[in-house]
Number of protein chains: 2
Amino acid sequence: MRGDAIVQNELTIPRRRIICRAQDLIDSVLFVCEGWAASLVTLPNGDRQILSFLLPGDIVSSALLFRPNPSCLVETITEVTCRSFDRTEFMRKATAELGALSVLWIGEKEGADRLAIDLGRRTAEERIARLILSLMERLVMRGLAQGTTMDFPLRQHHVADATGLTPVHVSKLLTDFRRRGLIRISDRSLEIVDDAALRRIAGLR
Amino acid sequence: MRGDAIVQNELTIPRRRIICRAQDLIDSVLFVCEGWAASLVTLPNGDRQILSFLLPGDIVSSALLFRPNPSCLVETITEVTCRSFDRTEFMRKATAELGALSVLWIGEKEGADRLAIDLGRRTAEERIARLILSLMERLVMRGLAQGTTMDFPLRQHHVADATGLTPVHVSKLLTDFRRRGLIRISDRSLEIVDDAALRRIAGLR
DNA sequence: CGGCCCTTTGACGGACGTCAAATAGCGTGG
DNA sequence: CCACGCTATTTGACGTCCGTCAAAGGGCCG
C-alpha cells in the first residue's frame, strides 16, 4: 500500500478543529502524520462517545476508502498534520493489495469490539487502565514512545468521552491512580510508574 | 457475490452449540440460512458480551473471509442451518466485487460502533428498546417478519449479554415494558404493541 | 489583573448489580 | 399422565458504582 506517487497534498489542522462531519462528502483518503485526533459520535442530549483515537500513522475513517460519507465526526485534539489521497486513485492501487486492506479492516473491527466489551462489561477503573495501556502500546509500536512515558495531550473530558464516564469520575480515578503510585501525569505527558499493577487492574495478566 | 457454484456443503447445527471458537482454524466462510446465533466474547470472570446476533442471511464472522482465525466465539441460539464455502475459492470470486465486500465491511463496522455507543452512553431501558427495534428491522428487511411481530428465540440472558446488563435487571425492564403496553411476549414470539412509544424510549424520533 | 477552561473535592442521589427465595416452564423418564 | 429436575423468570431487599450538582481552586492567555 505505497501511495507516494498519488499524494494529493499535505495539510495542517489546528487543534480542536473538526476534520469531517458525518454529513460531509469527502473524496479523499486521509492519513494522520503528526498529532492526535478522535473519531466520535454526539448524541442529541450532548453526550459524546469517542469510538477511537487517531494517532500518527492511522487512517482517518477507513470507511472513506469505499464511499465518500464519513460514518462519524472526526475532531483534532492537538494540531494535526495529515496527507490526503484521491480516493478512487488510491483504491485503484490498493485493490491489488487486498491483504493490506484486510489488515486495516480486521484491525478496526477488533478495536470496535474491544471498545464494546470494555463499555459493556468492565468497571470505570478497568476501562481507564486499559485505555492508558492501549495508547501506550500503540505509540510504542510506532516508535513514538519508549515504553513507560508518552505524550498525553488528552484532557480528562476526552478520557471520559472514550470510556463512557463523566469528567468528574475520571478525575477521581486518575488522582486515585496517582496516589497509588501507578502513573504520573504532568505537562501533557504520562508516565506509567507501576506497569504490573496497572496491567493487573486492566485485567491483563 | 453469487457463489452457488462453490458451495462446499450445507450443515445443520443444534441449538446451544458452539460453531467456532477464537482458537479454531477455519478454512471456510459460513452463512446462516435459518435460525439465530450470536458472536460473543467471554471474560475470565465468566461475563459474556454478545457483539452481534446472526440472523438468516448473515455471514458468520466476516473476518473469516481474510484469515482462518475467528475473532470470537460463535454460538447457536436456535437450531441453525448454514452453508459453507471454501475461503480461498470464495475470495477468488469475491475480489472482483470489491463493492459487495465493502458493504459487508461498512455494515459490520457500523454495527460495532452502534453497540459501543449504546453501551457507553445509553440507559438500560434505551438499550433494550433499541435491541428489540433493531432486530425487528433486520428481520423485516429480509422478509422474515411483518413489522410488528417476530420470532423471538432469545432468552433474557441473551438480552442481558447483548446489552451489558444482568438477567435480573432485564427481567424487571421487560415486565415493565409489558405492563406499559409496549410489547407482548409469548411462546418465543415478540409483538411490538406501541411502536411509537418504543421508538421514543429508544431515542429514535 | 481578569476571564476561561480544566481539574479537584465533597455531598448526595439514582441506576443498576447482587443475593436470595419463590414461581413458572419444559423436557425426560417412569 | 404424573413426577422430577433443570433452567428461566419474577420479585424484593439491599448495596455500590458512578452520575449530578455545586463550589473551590489551578493554569494559561489576553
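All chains are named by letter (A, B, ...) in the order of the sequence lines, taking the proteins before the strands, and each is independently numbered beginning at 1.
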Open item on the list: Please give me every residue in residues 157-168 of chain A whose heavy atoms get under 4.0 Å of an atom in DNA chain D, ordered by residue number.
Closed with: A/G164, A/L165, A/T166, A/V168
Open item on the list: Among residues at least two apart in sequence or on other chains, which ones pass side chain to side chain contact (heavy atoms under 4.5 Å, CB included) with A/Q156?
Closed with: A/V170, A/S171, A/L174, A/R178
Task: Atom-pair distance (CG on A/L173; P on D/dC17), nearest Å - done: 11 Å
Please tabulate, one pair per line, each protein N/O and nucleotide N/O from nucleotides 25-30 of chain D that are separated by under 3.5 Å, including the distance.
none

Taking only distance into account, with no hydrogens and no angle test, what donor-acceptor pairs under 3.5 Å do side-chain atoms of residues 14-23 of chain B form with protein atoms, sequence neighbours excluded?
none

TODO: Write out all pairs satisfying side-chain hydrogen bond (donor to acceptor under 3.5 Å, both in side chains) with one or both partners inside residues 27-47 of chain A, taking only residues at least two apart or from two chains.
DONE: A/D27-A/R87, A/S39-A/S52
TODO: Taking side chain to side chain contact (heavy atoms under 4.5 Å, CB included) as the test, write out the residues that go with A/A129, two or more places apart.
DONE: A/F177, A/L198, A/I201, A/A202
- [ ] Report the residues that fulfil side chain to side chain contact (heavy atoms under 4.5 Å, CB included) with B/T12, sequence neighbours left out, ordered by chain and then residue number.
- [x] B/E79, B/T81
Open item on the list: Tell me the bend of the helix from C/dC1-D/dG30 to C/dG30-D/dC1 as the angle between end helix axes, each from five pairs, rounded to the nearest 10 degrees.
Closed with: 40°
Open item on the list: Just by distance, no angles: are the side chains of B/D86 and B/T88 close enough, under 3.5 Å, to form a donor-acceptor pair?
Closed with: yes
- [ ] Starting at atom CG of B/L174, determine the distance to atom C1' of D/dT11, rounded to an integer number of angstrom.
- [x] 15 Å
- [ ] Assign A/T175 to base, sugar-phosphate, or nothing according to its heavy-atom contacts below 4.0 angstrom with the strands shown.
- [x] sugar-phosphate
- [ ] With sequence neighbours excluded, tell me which residues meet side chain to side chain contact (heavy atoms under 4.5 Å, CB included) with A/D195.
- [x] A/L133, A/I192, A/R199
Open item on the list: Reading DNA chain C in the 5' to 3' direction, which nucleotide is the first one with an atom under 4.0 Å from a heavy atom of chain B, and which is the last?
Closed with: C/dC16 to C/dC19
- [ ] Return the orientation label for the B/F31 and B/F90 ring planes: parallel under 30°, perpendicular over 60°, tilted otherwise.
- [x] tilted
Task: Any donor-acceptor N/O pair, B/H169 side chain to B/T166 backbone, under 3.5 Å - done: no
Task: Atom-to-atom span, NE2 of A/H169 to C1' of D/dT16 - whole angstrom - done: 11 Å
TODO: Calculate the interatomic distance between A/N45 atom CG and D/dG19 atom C1'; express it in whole Å.
DONE: 13 Å
Task: Pair B/D176-B/R180, salt bridge (charged side-chain N to carboxylate O under 4.0 Å, His left out): steps then yes or no - done: CA-CA 6 Å; B/D176 191 47; B/R180 289 153 70 184; 3.0 Å; yes
- [ ] Determine whether the side chains of A/S189 and A/D151 contain a donor N or O and an acceptor N or O closer than 3.5 Å.
- [x] no
Open item on the list: Expressed as a whole number of angstroms, how long is the span from B/F177:CZ to D/dT10:C1'?
Closed with: 17 Å
Task: Length of the line joining A/I128:CD1 and D/dC18:C1', which is rounded to integer Å - done: 11 Å
Task: DNA chain D: 5'-proximal contact among B/R188 and A/R122 (nearest heavy atom) - done: B/R188
Task: Those residues that, when tested against B/F152, pass ring-ring contact (aromatic ring centres under 6.0 Å, His included) (two or more places apart) - done: none
Open item on the list: Once side-chain hydrogen bond (donor to acceptor under 3.5 Å, both in side chains) is applied, what residue pairs with a partner in residues 126-147 of chain B remain, sequence neighbours excluded?
Closed with: B/D58-B/R138, B/D58-B/R142, B/D118-B/R130, B/T123-B/E126
- [ ] Quickly work out the A/E125 CD to D/dG19 P distance and round it to whole Å.
- [x] 14 Å
Open item on the list: Does either side chain, that of A/T148 or that of A/E191, offer a donor lying less than 3.5 Å from an acceptor on the other one?
Closed with: no
Open item on the list: What contact category does B/R127 fall into here, base, sugar-phosphate, or nothing, at under 4.0 angstrom with non-hydrogen atoms?
Closed with: nothing
- [ ] Take A/R121 and A/R155, find for each the nucleotide of DNA chain C with the closest heavy atom, and name the residue whose nucleotide sits nearer the 5' end.
- [x] A/R155
Task: Residue whose nearest DNA chain D nucleotide is more 5′ - B/L154 or A/A124 - done: B/L154
